[in-house]
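Here the structure is a predicted model, which is why all the values come from computation and not from measurement. Order of the sequence lines fixes the chain letters, A, B, ..., with proteins taken first and strands second; residue numbering starts at 1 for each chain.
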2 protein chains.
Amino acid sequence: MGLTKTANFTERQNQLAQMLKALAHPARIAIIDHLLKANECITGDLVEVTGLSQATTSQHLRELKEAGLLKGTIDGTSMNYCIDQAKWKENAAILKTFFIDVKFDETCC
Amino acid sequence: MGLTKTANFTERQNQLAQMLKALAHPARIAIIDHLLKANECITGDLVEVTGLSQATTSQHLRELKEAGLLKGTIDGTSMNYCIDQAKWKENAAILKTFFIDVKFDETCC
DNA sequence: GAATTTAATCGTAATATTGCATTATACAAG
DNA sequence: CTTGTATAATGCAATATTACGATTAAATTC
């Protein structure tokens with residue numbers, strides 16, 4: 001069937017999964033890596049970074065933008081991308097709670 | 001083609017993407033959520049937690065195990081699952097570097 | 001040893017993702 | 001207005017993921 005049963009899970013679980021999914025591709029990690037260093041850049045730069053076609057890179061950028069991780073502003077004929085800092089910090093807080101602020105008080109199996 | 005071009009990216013980018021992909025499904029988040037609270041439990045419990053079939057739940061458990069997030073030990077006819085605490089902390093450190101220890105010294109686009 | 005319990009695997013179907021070529025659009029420079 | 005450059009949109013092919021029923025495997029119970 002291939003259709004995720006969203007209704008089985010909480011809003012938080014679905015949102016967290018979706019955010020992680022947006023990051024779960026090496027090309028998209030590479031894009032984020034570059035933007036964390038470069039602060040901002042245009043699509044053409046990111047095509048070089050990924051080593052993929054313009055069409056494919058554009059698609060990855062769209063996914064990151066739809067997930068709210070990136071912002072883009074038009075700059076002449078170019079598109080200027082950067083990390084959406086507010087959203088990034090929001091997500092970082094969620095991830096911190098889920099992943100990092102975990103206390104294991106018992107050993108197990 | 002649907003075949004990710006792994007060769008275009010660094011080892012770290014591929015590994016990080018793979019780890020995030022293992023978590024990028026609400027059922028797998030729900031499984032982790034449960035194990036973080038319960039410390040350990042058997043497959044049957046997790047079938048109830050996900051609300052999916054035993055076969056599907058087992059498949060999700062396999063993905064989490066293959067990603068190194070879970071460990072399982074045989075307990076009679078049951079399988080006892082728990083979080084691999086060492087790997088979890090390793091991944092938490094990687095995620096902390098990538099996501100949380102980020103300084104934005106400029107605003108942008 | 002037969003029946004039961006529990007979980008993994010196989011086979012199959014539906015849907016999603018990845019990637020590219022091609023086409024369309026938008027704008028700047030000449 | 002035409003040409004070149006940058007990005008977006010569309011359509012297609014290959015592969016991956018999600019999900020389930022049926023089957024298999026292993027330990028337990030009777």
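For the pair B/Y81 and C/dT6, the criterion of a side-chain N or O lying under 4.0 Å from OP1 or OP2 is not met. Distances shown here put every side-chain N or O of A/S53 at or beyond 4.0 Å from the OP1 or OP2 atom of C/dG19. For C/dT17, neither phosphate oxygen OP1 nor OP2 lies less than 4.0 angstrom from any side-chain nitrogen or oxygen of A/H60.
For DNA chain C, the neighbouring residues in residues 9-44 of chain B, judged by any heavy atom under 4.0 Å, are B/I42, B/T43, B/G44.
Summary of helix geometry: the two end axes of the helix from C/dG1-D/dC30 to C/dG30-D/dC1, each defined by five base pairs via their C1' atoms, are inclined to each other by 10° (rounded to 10°).
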Protein-nucleic acid N or O pairs under 3.5 Å, nucleotides 9-11 of chain D:
none

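The A/L52 side chain lies nearest to C/dC20 when the options are D/dA19, C/dC20, D/dA8.
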Return a table of donor-acceptor pairs under 3.5 angstrom between the side chains of residues 102-109 of chain A and protein atoms on other chains or two or more places apart.
none

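Considering only residues two or more places apart in sequence or on other chains, B/K5 meets the salt bridge (Lys or Arg N to Asp or Glu O under 4.0 Å) condition with none of them. For A/E63, the salt bridge (Lys or Arg N to Asp or Glu O under 4.0 Å) partners two or more places apart in sequence, or in a different chain, are A/R28. In this structure A/Q59 satisfies the side chain to side chain donor-acceptor pair (under 3.5 Å) test with no other residue, sequence neighbours excluded. Listed by chain and number, the residues in a salt bridge (Lys or Arg N to Asp or Glu O under 4.0 Å) with A/E90 amount to none (sequence neighbours excluded). By the side-chain contact (heavy atoms from CB on, under 4.5 Å) test, B/A27 is found to be paired with A/F9, B/H25, B/T50, B/L52, B/H60, residues two or more places apart in sequence or in another chain being considered. With sequence neighbours left out, B/D84 forms a salt bridge (Lys or Arg N to Asp or Glu O under 4.0 Å) with no residue at all.
Between B/L35 and B/C41, the closest side-chain pair of non-hydrogen atoms falls below 4.5 Å. Side chains of B/I32 and A/F98 form a contact here, defined as non-hydrogen atoms less than 4.5 Å apart. Proximity of B/K87 to B/L69: side-chain heavy atoms (C-beta onward) are nowhere separated by under 4.5 Å. Taking 4.5 Å as the limit, some side-chain heavy atom of A/T10 sits within range of a side-chain heavy atom of A/Q13.
Between B/L64 atom CG and D/dT18 atom C1' the separation is 14 Å, expressed in whole Å. Rounded to whole angstrom, the span from the CD atom of A/E48 across to the C1' atom of D/dA6 amounts to 14 Å. Look at CG on B/L61: it is 7 Å from P on C/dA8, rounded to the nearest Å. Residue A/D45 contributes atom CG, which lies 13 Å from atom C1' of D/dT7 at whole-angstrom precision. What separates CG of B/L70 from C1' of C/dA7 is a distance of 15 Å, to the nearest Å. The interatomic distance linking A/K65 (NZ) with D/dT7 (P) rounds to 11 Å, in whole Å. We find that NZ of B/K5 is positioned 15 Å from P of D/dA14, with the value rounded to whole Å.
Hydrophobic clustering keeps A/I42 apart from A/L61 (ILVMFWY residues linked when any side-chain heavy atoms are closer than 4.5 Å, directly or through intermediates).
Its side chain outside the 4.5 Å cluster rule for every partner, A/V47 clusters with none of the Ile, Leu, Val, Met, Phe, Trp and Tyr residues.
Here B/T4 lies in heavy-atom contact (under 4.0 Å) with sugar-phosphate atoms only.
The local environment of CZ in B/R12 is crowded, with over 12 non-hydrogen atoms from other residues, nucleotides or ligands closer than 6.0 Å.
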Per-nucleotide protein contact along nucleotides 24-30 of chain D, 5' to 3', at a 4.0 Å heavy-atom cut-off (B base, S sugar-phosphate only, - neither), is ---BS--
